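Worksheet: one structure, shown below.
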Amino acid sequence: MIRVQSVASDSLGGELGLVPGTELLAVNGRTLEDFLDWEFLTADERLLLAVRLPTGEEVEYDIERPEGLPMGVTLEPPRIRRCGNHCDFCFVDGNPDGLRTPLYIRDDDYRLSFRYGNFATLTNLKPWDMERIVAYRLSPLYVSVHATDPTIRRWLLRNPEAPDIVPQLGWFAGQGIAFHTQVVLVPGVNDGIELERTLGDLYGLGPAVLSVSVVPVALTEFSKHGLVRELTRDECRAALAAVDRMATRALAERGAPWCVGADDLYLQAGEPLPGPAWYGDFEQRENGVGAVRFLQTRIAAAVDRLPDLAGKRIGVVTGRAMGPLMPHVLADVAATTGGRFELVVVENTLFGPSVTTAGLLPGAAIERALTSRRDLDFALLPAEAVNDDLVFVDDVSADELAARVRVPLHLSYDFADVLTDCGLRISDCGLNLKTRTQSAIANPQSAIGEGQG
Ligand code: SF4
């Protein structure tokens, strides 16, 4: 059963009289299980919709949708498929107390994989799910492979029931489903020859595997790990060498590198990032793969619309991971605008210093970093650090943060989004807490950085 959370006024849902709390029961006689059913079954122009209004009254609508009129219904967040694995490196298991409740949910949900690009392991699929993935053409999916050797993969996932991933992906590939994949690299387990084997096996599945990223395992101060450790610099370099070998082959044979290392892998190896063209359409940037080059590309694309910021001093808040990489980005935007961009690298006081991604920065740590700053005209905060309700991981809302510091704040994904909006009147903009683009169903996890799937 699915339920309406809100209804846009200029929409079909509004015209029908659907209101928050309405239960959506069936379309054309088919019971609605979740948002996928809702989206796919209401795509037709003609449909029979059965609902139960909050009053308890059951109504059936015979709908002929006027062309271009959206349904305009936002659903309550779906019940999330829980993960049945027990990875030693699971970020969720290592969360400290006091975070937003959804951060304690270990999701392994192919529906969120399709909708939001969350990585899933596909270890919990029932035959019904497999049929559904094919029937609804849920492609591409984002899949955590880690290792193609079944024994090693089961060890990493700590799930003796995990199916053999190569035949599983092969079956889906035969049905027209494609994948972006990732390998979370654990030294001494799936690196070295096992990494070569995994990359070779995935490559052997053909074009259905659209990309593979190699991501160094990240552990927090609170991780309950006892079996894994982080990579050394030399191990990162060896992994990048394997990635390069595979990418060189793919480039020669398929015209694209296909296999890419996470930005963090380059950072830990102390090696320069590849150029933007290496990352194609940046499909895995949310996974920290090509994120720096993506930012630079976005700034370059907006160059004609960026304002003159001469004489302005702008703080750019980020986590330690991007700290050493961000100067590349800031040099571009400073050269274009004439503004003085100053990096404010914030240590993660909640998870501990080993968690360096900007997406997990707590509001309290940002407050501490900015509280005495009166010299800045405004500051840009990483928009990926808040959820759809504009709340940081430690339950501090962006509004609360803005009220506590003296510097005007702007949430920004890529600099260009804020700077081009404000134009020359940047000093008048004040608080600019932009919401994310609202999707029909709010991502219950705001998945950035939550687990390594
Ligand atoms: S890392 Fe991902 S797959 Fe592993 S236990 Fe955590 S949520 Fe599950």
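Note that the structure is predicted; figures quoted are calculated from it, not measured. The figures here come from the full heavy-atom set of this structure, side chains too, leaving out hydrogens, waters and symmetry mates.
The two residues Gly311 and Asp377 have their closest heavy-atom pair at O-OD2, 4.1 Å.
Here Asp34 pairs with Arg111 in a salt bridge; the nearest charged N to carboxylate O distance falls below 4.0 Å. The residues Arg313 and Asp375 are annotated as salt-bridged, a charged nitrogen and a carboxylate oxygen being separated by less than 4.0 angstrom. A salt bridge links Arg404 with Glu367: the distance from a Lys NZ or Arg NE/NH1/NH2 to an Asp or Glu carboxylate oxygen falls below 4.0 Å. The pair Arg132-Asp37 counts as a salt bridge, with a side-chain nitrogen and a carboxylate oxygen less than 4.0 angstrom apart. Between Arg298 and Asp414 there is a salt bridge, with a side-chain nitrogen of the basic residue lying less than 4.0 Å from a carboxylate oxygen of the acidic one.
Legend: ring-ring contact (aromatic ring centres under 6.0 Å, His included) pairs involving residues 226-250, not counting sequence neighbours: none detected.
Between His410 and Phe415, the distance from one ring center to the other does not fall under 6.0 angstrom.
With sequence neighbours left out, the side-chain contact (heavy atoms from CB on, under 4.5 Å) criterion links Thr232 to Arg229, Asp234, Glu235. With sequence neighbours excluded, the residues satisfying side-chain contact (heavy atoms from CB on, under 4.5 Å) with Trp258 are Leu202, Tyr203, Val209, Val212, Met246, Ala250, Arg254. Residues passing the side-chain hydrogen bond (donor to acceptor under 3.5 Å, both in side chains) test with Ser211, sequence neighbours excluded: His180, Gln284. Thr349 is linked by a side-chain contact (heavy atoms from CB on, under 4.5 Å) to Pro362, Ala365, Arg368, counting only residues two or more places apart in sequence or in another chain.
Between Phe40 and Tyr136, the ring planes are parallel. Angles under 30° get that label, and only those over 60° would be called perpendicular.
Between the side chains of Thr74 and Gln5, no donor-acceptor pair is found at a separation under 3.5 Å. Inspection of the Thr121 and Asn85 side chains reveals an N or O donor paired with an N or O acceptor under 3.5 Å. With 3.5 Å as the limit, one finds no donor-acceptor pair spanning the side chains of Tyr142 and Asn118.
In Glu253, the CD atom is crowded: over 12 heavy atoms of neighbouring residues, nucleotides or ligands sit closer than 6.0 Å. Around CG of Asp10, the count of heavy atoms belonging to other residues, nucleotides or ligands within 6.0 Å does not exceed 12.
The OG atom of Ser11 sits 8.0 Å away from atom CG of Leu18, with the distance rounded to the nearest 0.5 Å.
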Take Ser213 and Gln182, measure what side chain to side chain donor-acceptor pair (under 3.5 Å) needs, and give me the verdict at the end. CA-CA 5 Å; Ser213 63; Gln182 74 161 347; 4.6 Å; no

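A donor-acceptor distance shorter than 3.5 angstrom exists from the side chain of Asn190 to the backbone of Val186, with no hydrogens or angles considered. Between the side chain of Arg137 and the main chain of Gly176, a donor-acceptor pair closer than 3.5 Å is present.
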Side-chain atoms of residues 266-280: list all donor-acceptor pairs with protein atoms under 3.5 Å, sequence neighbours left out, distances to 0.1 Å.
residue : atom : partner : partner atom : Å
Gln268  : NE2  : Asp264  : OD2          : 3.3

